[in-house]
K.L.:
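Please read through the structure below; I'll follow up with questions.
Both counts, for ligands and for their atoms, begin at 1 and track the order of listing. We use all heavy atoms of the structure for the numbers below, so side chains are in, but hydrogens, waters and symmetry mates are not.
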Amino acid sequence: MPKITTLEEAFVHELSDIYSAEKQMTKSLPKLAKASSNPDLAAGFTMHLEETQGQIERIDQIVEMLGIKLKRIKCLAMEGLVAEGEETIDEIEKGPVRDVMLIAGGQKVEHYEIASYGGLIAIAKALGYKDAAKLLADTLAEEKATDVKLNGIAMSSVNKDALKQAADLTPAQ
Ligand code: FE
Ligand code: FE
Ligand code: FE
């Protein structure tokens with residue numbers, strides 16, 4: 001990790017990290033949508049891809065507003081979460097059980113983002129970056145809504161479908 005000595009530098013580091021995370025998600029979300037069998041889930045991933053592009057634009061706006069320069073770092077946590085999603089796709093055939101796992105992985109991504117933006121907003125406020133904090137709060141709200149939406153899809157249909165499929169696959173005694 002590069003040397004960080006000030007709160008401003010900590011802010012730039014954290015912003016650079018989430019920027020990398022969002023960029024990684026723009027590549028992952030189309031794959032997650034394609035891998036989903038539930039249409040609401042596929043649509044949810046596709047909608048969040050559009051939101052993610054807007055979130056990247058908000059970070060670009062903050063960079064411009066504050067006259068800062070992002071560091072070229074890779075968010076290793078998101079790299080790991082993306083790899084786990086790919087593992088799900090490789091190891092589970094398309095259907096409701098895979099959908100359950102895609103939702104579980106998707107919620108882990110949203111929670112990582114919620115934690116990241118929560119921390120960034122706190123740092124931005126401490127630094128007096130009010131407009132940046134406001135933009136980051138808009139993104140945080142989208143991440144929270146996505147988490148709730150994924151959970152709703154699991155609870156309303158996907159988990160039951162997965163349970164039913166498992167029962168269908170069990171040979172009759
Ligand atoms: Fe995001
Ligand atoms: Fe990270
Ligand atoms: Fe997200």
K.L.:
Ignoring water, what protein N, O or S atoms are under 2.8 Å from the Fe ion (ligand 3)?
P.N.:
His48 NE2, Glu110 OE1, Glu110 OE2, Glu113 OE1, Glu143 OE1

K.L.:
Under a 4.0 Å N-O cut-off, is there an ion pair linking Arg98 with Glu93?
P.N.:
no

K.L.:
Show your working on side-chain contact (heavy atoms from CB on, under 4.5 Å) between Gln55 and Ile59 and close with a plain yes or no.
P.N.:
CA-CA 6 Å; Gln55 294 170 355; Ile59 297 174; 5.8 Å; no

K.L.:
Determine, step by step, whether Thr46 and Glu50 satisfy the side chain to side chain donor-acceptor pair (under 3.5 Å) criterion, reporting the C-alpha distance in whole Å, the side-chain angles of both residues, the deciding distance to 0.1 Å, and the verdict.
P.N.:
CA-CA 7 Å; Thr46 302; Glu50 281 169 39; over 6 Å; no

K.L.:
Could you check Asn38 against Ser157 for side-chain contact (heavy atoms from CB on, under 4.5 Å), going step by step and ending with a plain yes or no?
P.N.:
CA-CA 9 Å; Asn38 180 286; Ser157 54; 3.6 Å; yes

K.L.:
Given Met25, which partner from the list Glu110, Gln53, Glu113 fulfils the side-chain contact (heavy atoms from CB on, under 4.5 Å) test?
P.N.:
Glu113

K.L.:
At a cut-off of 2.8 Å, list the protein N/O/S atoms near the Fe ion (ligand 2), residue plus atom name.
P.N.:
Asp17 OD1, Asp17 OD2, Cys75 SG, Tyr112 OH

K.L.:
Answer yes or no: is there a side-chain heavy-atom contact under 4.5 Å between Tyr19 and Val63?
P.N.:
no

K.L.:
Do the charged groups of Arg58 and Glu142 touch, with an N to O distance under 4.0 Å?
P.N.:
yes

K.L.:
For a side chain to side chain donor-acceptor pair (under 3.5 Å) check, start with the C-alpha distance between His48 and Glu143, then their side-chain angles and the critical distance, and finish with the verdict.
P.N.:
CA-CA 9 Å; His48 199 49; Glu143 311 296 23; 3.1 Å; yes

K.L.:
Verify, without hydrogens or angle tests, whether Thr88 (side chain) and Glu84 (backbone) share a donor-acceptor contact under 3.5 angstrom.
P.N.:
yes

